[in-house]
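Just below is one structure, and these are the notes that go with it.
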Amino acid sequence: MAKLEIIQHPSSSYGPRTYANASKGDITIALALDYTTAGENLTHKAAGDRYLKLPLSEEWIDNARKLFKKITRNERSSASVNVAGNGIYTLAKHGWTQFIVNQYVYDMLAIVSEYVPITHIYSGGQTGVDLAGGYAGWKLGIDTVLTLPKGFVQRHEDGKDV
């Protein structure tokens with residue numbers, strides 16, 4: 001049975017948590033509609049050459065193919081994935097709900113994991129894409145760790161951290 005861990009980072013800031021997650025995954029996937037946010041810029045910087053941009057404006061199956069190619073390009077037989085991307089406060093401006101993003105990420109990771117094992121999922125636990133990564137990992141039976149800032153802080157549709 002897969003484990004789902006929800007932990008808090010020692011820092012209450014988002015930055016250190018972003019770097020911690022990016023360092024754990026073999027690949028960091030960035031699923032977003034807006035790649036100009038501070039969070040997306042930091043994720044790209046933290047992940048370096050392990051970063052894979054997967055625009056939510058594209059079909060999930062097309063992004064699944066990109067992820068599969070990234071995993072298998074270096075002759076990997078499996079990979080751990082850091083799931084990152086826009087929060088629900090950004091996605092909601094474009095008509096996305098948490099349910100819709102959950103289904104998108106699940107569908108994408110489900111098909112990839114049929115062909116190449118995903119050993120772990122790491123995510124920041126924020127609303128939107130991060131939370132969808134946690135949902136997908138749990139639903140697919142993949143060991144998953146969600147690391148939130150100290151105090152288990154999340155930002156909701158209204159943009160407020162609680």
Side-chain angles (χ1 to χ4, degrees), residues 2 4-9 11-47 50-64 66-67 70 79-113 118 120-140 142-162:
L4 171 63
E5 290 183 78
I6 303 171
I7 60 176
Q8 63 180 328
H9 191 274
S11 172
S12 59
S13 298
Y14 289 103
R17 185 259 356 233
T18 297
Y19 273 91
N21 287 333
S23 71
K24 292 176 187 170
D26 295 322
I27 297 167
T28 291
I29 58 172
L31 292 148
L33 293 169
D34 182 355
Y35 285 95
T36 66
T37 66
E40 292 314 305
N41 289 326
L42 184 63
T43 297
H44 193 183
K45 183 178 177 183
R50 295 179 298 174
Y51 178 87
L52 179 61
K53 182 177 179 179
L54 300 175
L56 288 170
S57 57
E58 296 182 14
E59 296 293 326
W60 66 263
I61 192 69
D62 295 327
N63 282 330
K66 291 176 190 174
L67 177 56
K70 177 85 169 173
S80 61
V81 177
N82 174 35
V83 178
N86 288 150
I88 200 65
Y89 45 90
T90 300
L91 297 174
K93 295 174 191 173
H94 302 277
W96 285 64
T97 65
Q98 188 65 57
F99 177 81
I100 292 169
V101 74
N102 284 357
Q103 191 65 53
Y104 184 104
V105 174
Y106 171 81
D107 289 343
M108 185 190 68
L109 293 177
I111 195 73
V112 172
S113 67
I118 298 174
H120 287 83
I121 291 180
Y122 301 98
S123 185
Q126 287 306 302
T127 58
V129 172
D130 286 8
L131 202 55
Y135 168 80
W138 171 76
K139 187 93 170 149
L140 293 167
I142 300 168
D143 287 342
T144 301
V145 179
L146 303 178
T147 304
L148 287 84
K150 186 176 183 178
F152 298 99
V153 174
Q154 287 184 311
R155 187 170 294 161
H156 295 277
E157 284 185 23
D158 61 6
K160 293 181 182 175
D161 290 342
V162 293

**OP:** Taking all heavy atoms of Gly15 and all of Leu42, pick out the closest pair and write down the distance.
**Re:** CA-CD2, 3.4 Å
Original post:
Who are the side chain to side chain contact (heavy atoms under 4.5 Å, CB included) partners of Lys45, not counting sequence neighbours?
Top reply: Tyr19
**OP:** Could you list all the side-chain hydrogen bond (donor to acceptor under 3.5 Å, both in side chains) pairs where at least one residue sits in residues 102-112, not counting sequence neighbours?
**Re:** Asn63-Tyr104, Gln98-Asn102, Gln103-Asp107
Subject >> ring-ring contact (aromatic ring centres under 6.0 Å, His included) partners for His44, two or more places apart >> reply: Tyr51
**OP:** Answer yes or no: does atom CH2 of Trp138 have more than 12 heavy-atom neighbours from other residues, nucleotides or ligands under 6.0 Å?
**Re:** no
Subject >> Closest approach of Phe152 to Ile6 (non-hydrogen atoms, all atoms of both residues) >> reply: CE2-O, 3.9 Å
Original post:
Lys70 versus Ile29: any side-chain heavy-atom pair under 4.5 Å?
Top reply: no
Subject >> For the student: nearest non-hydrogen atoms of Ala79 and Ile27, plus distance >> reply: CB-CD1, 4.5 Å
**OP:** Might you confirm whether atom NZ of Lys139 has over 12 heavy atoms from other residues, nucleotides or ligands at distances under 6.0 Å?
**Re:** no
Original post:
How long is the gap from CG on Leu109 to CD1 on Ile118, to the nearest 0.5 Å?
Top reply: 4.5 Å
Subject >> Separation between CG of Leu4 and OG1 of Thr144, rounded to the nearest 0.5 Å >> reply: 6.0 Å
Original post:
Glu5: what forms a salt bridge (charged side-chain N to carboxylate O under 4.0 Å, His left out) with it, not counting sequence neighbours?
Top reply: Lys3
**OP:** Mind checking side chain to side chain donor-acceptor pair (under 3.5 Å) for Asn86 and listing every partner two or more places apart, or none if nothing turns up?
**Re:** none
**OP:** Could you tell me which residues satisfy salt bridge (charged side-chain N to carboxylate O under 4.0 Å, His left out) with Arg155, sequence neighbours excluded, listed by chain and number?
**Re:** Asp161
Original post:
Among all residues two or more places apart in sequence or in another chain, which pass the side chain to side chain donor-acceptor pair (under 3.5 Å) test with Thr90?
Top reply: none
Original post:
Atom CG of Leu52 and atom CG of Asn82: how far apart are they, to the nearest 0.5 Å?
Top reply: 11.5 Å
Side-chain polar contacts of residues 55-62 - donor-acceptor pairs under 3.5 angstrom, sequence neighbours left out - could you list them?
residue	atom	partner	partner atom	Å
Glu58	OE1	Lys66	NZ	2.5
Glu58	OE2	Lys66	NZ	3.3
Asp62	OD1	Arg65	NH1	3.0

Original post:
Can you tell me if Ser80 uses its side chain to pair, donor with acceptor, with the backbone of Asp26 under 3.5 Å?
Top reply: yes
**OP:** Taking all heavy atoms of Ala22 and all of Arg50, pick out the closest pair and write down the distance.
**Re:** O-NH2, 3.0 Å
Original post:
Just wondering, do His120 and Val145 contact through their side chains at under 4.5 Å, heavy atoms?
Top reply: no
Subject >> Non-neighbouring partners of Ser12 that pass side chain to side chain contact (heavy atoms under 4.5 Å, CB included), sequence neighbours left out >> reply: Lys150
**OP:** Spell out, as yes or no, whether a donor-acceptor pair under 3.5 Å connects the side chain of Glu157 to the backbone of Ile88.
**Re:** no
**OP:** Could you list the residues that satisfy side chain to side chain donor-acceptor pair (under 3.5 Å) with Asp143, not counting sequence neighbours?
**Re:** none
**OP:** Could you tell me the separation between the OG atom of Ser23 and the CG atom of Asn21, rounded to the nearest 0.5 Å?
**Re:** 7.5 Å
Original post:
If you look at every heavy atom in Leu148 and Val153, which pair is closest and at what distance?
Top reply: CD2-O, 3.4 Å
Original post:
Sub-3.5 Å donor-acceptor pair from the side chain of Ser11 to the main-chain atoms of Ser13, do we have one?
Top reply: yes
Original post:
So which pairs with a foot in residues 33-43 pass side-chain hydrogen bond (donor to acceptor under 3.5 Å, both in side chains), sequence neighbours left out?
Top reply: Asp34-Thr36
**OP:** For residues Gly95 and Ile100, report the shortest heavy-atom separation together with the two atoms involved.
**Re:** O-CD1, 4.1 Å
**OP:** Would you list the pairs meeting side-chain hydrogen bond (donor to acceptor under 3.5 Å, both in side chains) in which at least one residue belongs to residues 121-137, sequence neighbours left out?
**Re:** none
